[in-house]
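The structure under discussion appears below in the form of structure tokens.
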Amino acid sequence: MTLANIPPAPELPGARHLHSGKVRDLYELTEGPHAGKLLMVASDRLSIFDFVLETTIPDKGEILTRMSLWWFDQLADLVPNHVISTDVPEAVRGRAVICERLDMFPVECVARGYLTGSGLLDYRATGEVCGIALPAGLDDGSRLETPIFTPATKADLGDHDENVSYDAVVATVGADTAAALRELTLRVYGRAEEIARGKGILLADTKFEFGVAPGGDGTIVLADEVLTPDSSRYWPADDWQPGRAQPSYDKQIVRNWALSPESGWDKSSGEAPPPLPPEVIERTRSRYLEAYELLTGERF
Ligand SMILES: Nc1ncnc2c1ncn2[C@@H]1O[C@H](COP(=O)(O)OP(=O)(O)OP(=O)(O)O)[C@@H](O)[C@H]1O
Ligand SMILES: [Mg+2]
């Protein structure tokens with residue numbers, strides 16, 4: 001059992017609040033040219049170990065929103081996406097996207113090119129990840145010979161997603177859709193991995209979500225956020241060294257601090273971690289910025 005402590009979503013003119021996750025707030029637009037569409041707002045919240053921290057990271061929502069939009073562009077020839085416009089209410093400018101409201105497939109479509117995290121735990125326990133047998137002798141951070149599709153089911157707030165077999169996806173969405181989701185996931189991962197590698201960054205794994213337009217022709221559309229450090233593991237290629245945890249472009253700085261004696265936090269206490277010191281906030285912000293600038297080649 002874990003705790004999430006999500007602040008109330010701000011009221012926005014011309015929008016009705018639908019849902020808040022740990023990091024993002026989802027609205028439906030009620031007025032204007034895009035009435036009926038979704039407004040997905042990325043906050044500056046950060047979660048570690050499923051706790052939403054009291055401290056926010058300045059510009060995180062905007063950095064991740066820009067990164068996701070940049071990636072949607074890089075992938076546009078491979079798969080259609082849900083983005084309609086970035087002309088959003090002033091209060092959330094830069095960190096929100098207007099998107100098509102889709103019927104989402106209840107599958108977290110994960111691709112892994114390297115073994116770590118829950119994939120590594122499953123491999124150590126069973127020699128398999130999501131029913132896919134892997135060769136013996138792999139270690140934390142090992143590169144897989146070919147990237148694999150390791151779907152998960154979405155957990156309720158405060159629970160961990162659960163890795164499931166491909167057969168479980170077939171049982172949920174049918175054989176044709178399961179095959180299409182796997183194919184798209186691996187194709188998009190392949191493109192993104194190649195682009196990132198060209199910038200000196202390894203894309204170890206990532207999670208996509210797909211949906212279809214209600215009443216449409218069934219075309220599968222890439223939704224949610226894509227290829228941000230919140231949905232992906234990015235590692236500096238130069239530091240990659242299987243056999244240990246890899247340094248990464250995400251909230252690792254915060255996790256390390258929270259687990260260190262300096263924070264005074266006891267992970268097993270069930271309490272949220274204490275507020276972050278300014279120096280940890282700044283280093284975390286810089287890490288996100290660095291990833292954004294390296295990947296996109298743009299200054300923030
Ligand atoms: N185009 C879309 N149409 C409909 N729903 C979408 C679309 N894109 C994303 N979603 C859904 O919007 C929700 C975004 O929520 P968000 O990711 O903030 O929280 P969450 O997934 O409930 O929790 P977590 O904090 O664990 O991610 C998700 O349920 C996602 O599946
Ligand atoms: Mg989510």
Side-chain angles (χ1 to χ4, degrees), residues 1-10 12 15-29 34-53 56-57 60-62 64-65 67-69 71-72 75-76 79-86 88 92 95-110 117-118 151-163 169 172-173 177 181 184-185 188 205-216 218-233 250-251 272:
M1 181 50 199
T2 50
L3 300 172
N5 172 32
I6 300 169
L12 295 177
R16 184 171 68 92
H17 178 246
L18 296 178
H19 168 92
S20 285
K22 289 189 282 296
V23 171
R24 289 170 304 152
D25 301 312
L26 199 63
Y27 300 79
E28 178 183 38
L29 293 174
H34 300 303
K37 307 296 184 192
L38 287 182
L39 178 71
M40 193 174 278
V41 180
S43 74
D44 291 341
R45 297 193 289 273
L46 179 145
S47 72
I48 54 164
F49 309 117
D50 288 328
F51 289 100
V52 177
L53 301 185
T56 53
I57 305 296
K60 173 174 181 268
E62 185 164 347
L64 268 59
T65 297
M67 203 186 282
S68 184
L69 286 166
W71 276 115
F72 276 126
L75 305 168
V79 59
N81 64 64
H82 69 161
V83 176
I84 296 172
S85 167
T86 53
V88 298
V92 294
R95 56 186 183 88
V97 177
I98 297 170
C99 45
E100 208 63 67
R101 188 170 195 162
L102 305 172
D103 292 333
M104 301 298 290
F105 296 112
V107 182
E108 309 256 310
C109 293
V110 177
S118 68
T153 51
K154 209 188 181 75
D156 290 334
L157 194 63
D159 273 334
H160 290 292
D161 294 347
E162 192 190 339
N163 288 340
V169 179
T172 309
V173 298
T177 300
L181 292 177
L184 274 173
T185 298
V188 172
D205 54 40
T206 193
K207 185 255 320 182
F208 301 115
E209 292 186 34
F210 297 95
V212 290
T219 303
I220 297 179
V221 178
L222 183 56
D224 211 60
E225 61 174 10
V226 287
L227 294 158
T228 67
D230 278 3
S231 66
S232 321
R233 280 196 180 85
D250 67 355
K251 43 202 175 187

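First listed ligand is number 1; within each ligand, the first listed atom is number 1.
Considering both main-chain and side-chain atoms, M104 never comes within under 3.5 Å of ligand 1 through any nitrogen or oxygen pair. Checking only distances, D224 does come within under 3.5 Å of ligand 1, N or O to N or O.
Remark: K207 engages D224 in a salt bridge, criterion side-chain N to carboxylate O under 4.0 Å.
Close approach of ligand 1 to A223 is summarised as follows: ligand atoms under 4.0 Å from at least one heavy atom of the residue are 1 (N), 8 (N). Those atoms of ligand 1 with a heavy atom of E209 less than 4.0 angstrom away are 30 (C), 31 (O). Atoms of ligand 1 lying under 4.0 Å from at least one heavy atom of G21, given by number and element, are 18 (O), 19 (O), 23 (O), 25 (O). The ligand atoms of ligand 1 that sit less than 4.0 angstrom from a heavy atom of K154 are 21 (O), 28 (C), 29 (O), 31 (O). Listed by number with element, the atoms of ligand 1 under 4.0 Å from a non-hydrogen atom of K22 are 24 (P), 25 (O), 26 (O).
At distances below 3.5 Å, at least one donor-acceptor pair connects side-chain atoms of S231 with backbone N or O atoms of T228. Side chain of K60 to backbone of R45: a donor-acceptor contact under 3.5 angstrom is found. Without hydrogens or angle criteria, K154 side chain to E108 main chain gives no donor-acceptor distance under 3.5 Å. A donor-acceptor contact shorter than 3.5 Å links the side chain of R95 to the backbone of A42. The main-chain N or O of V110 is never found under 3.5 Å from a side-chain atom of T185 such that the two would form a donor-acceptor pair.
Considering only non-hydrogen atoms, atom 17 (O) of ligand 1 lies nearest to R24 out of E225, R101, E100, R24.
Only side-chain heavy atoms of L26 come within less than 4.0 Å of ligand 1; its backbone N, CA, C and O stay farther off. Residue contacts with ligand 1 for L38 involve side-chain atoms from C-beta outward but no N, CA, C or O (heavy atoms, distance under 4.0 Å).
Tested against L38 for a side chain to side chain contact (heavy atoms under 4.5 Å, CB included), the candidates L18, L102, L29, V97 yield a single pass: L18.
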